[in-house]
Amino acid sequence: MTNEEFRRYGHEVVDWMANYLENIRSYPVLPATQPGDLVDLLPAAAPEQGESMDAILEDFERTIVPRVTHWNHPRFLAYFATSASYPGILGEMLTAALNTQGMVWKSGPAQTELEQVTLDWLRQWMGLEPDFFGIIHDTASTATMHAIAAAREMADPESRTRGPSRDLVMYTSEQAHSSVEKGGITLGVGQENIRKIPVDEAFRMRVDVLRDAMESDRLAGRKPFCVIPTVGTTSTSSIDPVPQIAALAEEYGAWLHVDAAYGGAAAVVPELRGILDGAERAHSLVVNPHKWLFTPIDLSAFYTRKPEILRRAFSLVPEYLRTAEDPRAVNYMDYGVPLGRRFRALKLWFVMRHYGHEGISAIIRTHIGYAQKLAGLIRADPDFEVAAPTPFSLVCFRYRGSDDDNRRLLEQINASGKAFLSHTVLNGQFVLRLAIGNIATKWEDLEEVWSLVKRATKS
Ligand code: PLP
């Protein structure tokens with residue numbers, strides 16, 4: 001491809017993106033496709049001769065787009081949203097063009113320093129203390145795995161050479177995201193040593209049970225080494241009592257990691273900063289700008305007040321990566337597993353500068369307001385019930401019928417292509433989850449979904 005052709009197709013692709021996002025409501029949120037459809041449709045082997053960009057773009061439109069689940073759709077209300085905001089997309093495009101690799105400062109000076117700057121800006125927006133050192137990961141799952149590794153390093157520095165000790169025990173709630181347990185499994189903690197503490201009626205970790213569990217482990221000669229509360233759990237967005245959990249972690253000398261992958265974004269809103277109360281005592285915290293801060297996936301912000309411990313756990317510098325020491329040159333490869341690192345900070349910089357603190361806060365506030373309003377409509381309807389408190393922008397609700405009725409309701413809504421909701425199980429009952437977080441979602445979208453839900457129960 002010549003530079004001239006690149007310019008022409010570049011414009012064509014940007015036009016495609018602008019049209020796509022302008023007309024996003026005309027796409028079905030969930031595609032009508034079956035597993036294997038695309039595999040069957042595409043050639044079994046790659047072409048021997050290069051093909052024209054026209055042919056490739058035509059196939060993109062014909063074969064790929066109809067099989068896409070449209071996360072950008074304003075009525076994508078499943079899981080937790082990730083929105084590709086316009087500035088975020090532009091930043092991502094430039095990242096691909098620059099194609100830098102920020103393993104050490106020298107391999108990406110701008111990348112390294114923009115990562116420092118944007119994460120520090122975000123830290124300030126969330127009201128966290130300046131002693132939090134930030135590093136970008138692909139996902140919260142990766143970030144949390146690093147937190148557990150640092151916790152192990154703090155509790156058992158020998159583990160790096162000797163391998164993991166069987167005595168280490170970690171704690172989270174039974175509502176914690178599966179990434180917490182997966183992190184423990186990956187690091188050899190062993191599922192037997194991961195305590196999932198029961199929750200109260202509002203789905204928050206029970207501190208009394210946590211204390212008993214930590215104490216009985218201690219008495220049995222085991223070492224409580226890591227406690228992971230959540231601010232904004234996946235099923236209900238509940239907020240664990242971090243201040244009390246922090247006090248227990250301190251008492252037992254355990255690392256405190258706060259999983260605020262989704263909920264942490266709300267702390268950007270000045271009057272909601274209190275949701276991170278207690279996080280100032282955490283050893284680490286994760287928040288995902290790719291969830292509710294309108295940054296295209298992937299970008300997870302991991303913060304730690306103990307970067308030296310993280311570094312002790314991960315730094316391993318072979319000769320070919322050695323660079324001159326400089327106190328201002330951060331080599332991010334020293335703080336985690338990945339060597340190769342994308343220039344993710346660029347898209348976050350674009351997003352933060354484009355919207356500003358007030359702009360982002362206004363959108364998050366609006367989403368929370370929508371969720372409250374919708375929960376109010378649901379509560380007022382005798383055929384439905386709200387199944388969990390709504391502290392953020394996630395509404396959990398159910399039709400007052402059987403689990404099968406609710407399952408059918410969900411299938412019917414999702415099959416319509418007009419909206420995509422997901423589900424969870426709370427207190428043994430099947431519950432619908434409607435998570436607001438897309439930058440393009442308007443109240444009219446939610447009204448439409450609510451009437452769709454009501455109509456589906458009548459049919
Ligand atoms: N933690 C919480 C509370 C989540 O809700 C999720 C995903 O929804 C994760 C962690 C995992 O996020 P990621 O996909 O970035 O690994």
Side-chain angles (χ1 to χ4, degrees), residues 69 71 76-84 88 119 122 126 134-149 170-187 194 196-197 199 203-205 226-240 242 245 256-267 275-276 279 282 284-303 336-338 342 344 347-348 367 371 388 390-396 420-426 431 433-438:
T69 294
W71 285 72
F76 181 105
L77 302 161
Y79 317 123
F80 286 128
T82 173
S83 313
L119 290 201
L122 183 58
M126 293 193 300
I135 175 168
I136 295 177
H137 281 296
D138 52 357
T139 59
S141 305
T142 303
T144 292
M145 194 270 291
H146 282 79
I148 301 168
M170 58 185 263
Y171 307 81
T172 194
S173 97
E174 58 187 16
Q175 288 290 321
H177 189 263
S178 54
S179 56
V180 173
E181 187 172 353
K182 264 198 196 181
I185 295 170
T186 308
L187 292 163
I194 302 172
K196 291 190 203 156
I197 305 299
V199 293
F203 307 100
R204 298 168 299 201
M205 195 193 295
C226 185
V227 188
I228 306 188
T230 310
V231 173
T233 56
T234 314
S235 275
T236 71
S237 77
S238 60
I239 304 171
D240 287 334
V242 178
I245 295 170
L256 178 72
H257 172 64
V258 177
D259 179 358
Y262 156 71
I275 59 153
L276 286 185
S284 60
L285 174 142
V286 63
V287 57
N288 273 3
H290 76 223
K291 279 192 175 13
W292 202 11
L293 289 171
F294 319 112
T295 305
I297 193 161
D298 50 359
L299 199 158
S300 181
F302 178 55
Y303 290 96
V337 174
R342 293 181 349 92
R344 294 189 181 91
K347 57 187 171 185
L348 182 59
H367 287 172
T390 307
F392 295 115
S393 64
L394 167 66
V395 186
C396 291
F420 180 24
L421 272 54
S422 58
H423 79 277
T424 189
V425 170
L426 299 176
V431 165
R433 282 176 81 265
L434 188 156
I436 302 160
N438 187 290

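One-based numbering, in listed order, for ligands and for the atoms of each.
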Across all chains, not counting sequence neighbours, the side-chain hydrogen bond (donor to acceptor under 3.5 Å, both in side chains) partners of Asn438 are none
Thr424 meets the side chain to side chain contact (heavy atoms under 4.5 Å, CB included) criterion, sequence neighbours left out, with Ser235, Leu426, Val431, Arg433
Thr142 meets the side chain to side chain contact (heavy atoms under 4.5 Å, CB included) criterion, sequence neighbours left out, with His137, Asp138, Thr139, His146
Can you find a pair of side-chain heavy atoms, one from Ser141 and one from Lys182, that are under 4.5 Å apart?
no
The answer, listing residues by chain and number that come under 4.0 Å of ligand 1 through any heavy atom, is Phe80, Thr139, Ala140, Ser141, His177, Ser179, Thr230, Gly232, Thr234, Asp259, Ala261, Asn288, His290, Lys291
Original post:
Any side-chain heavy atom of Tyr262 sitting closer than 4.5 Å to one from Trp292?
Top reply: yes
Q.
So Thr69 and Phe420, do their side chains get closer than 4.5 Å, heavy atoms only?
A. yes
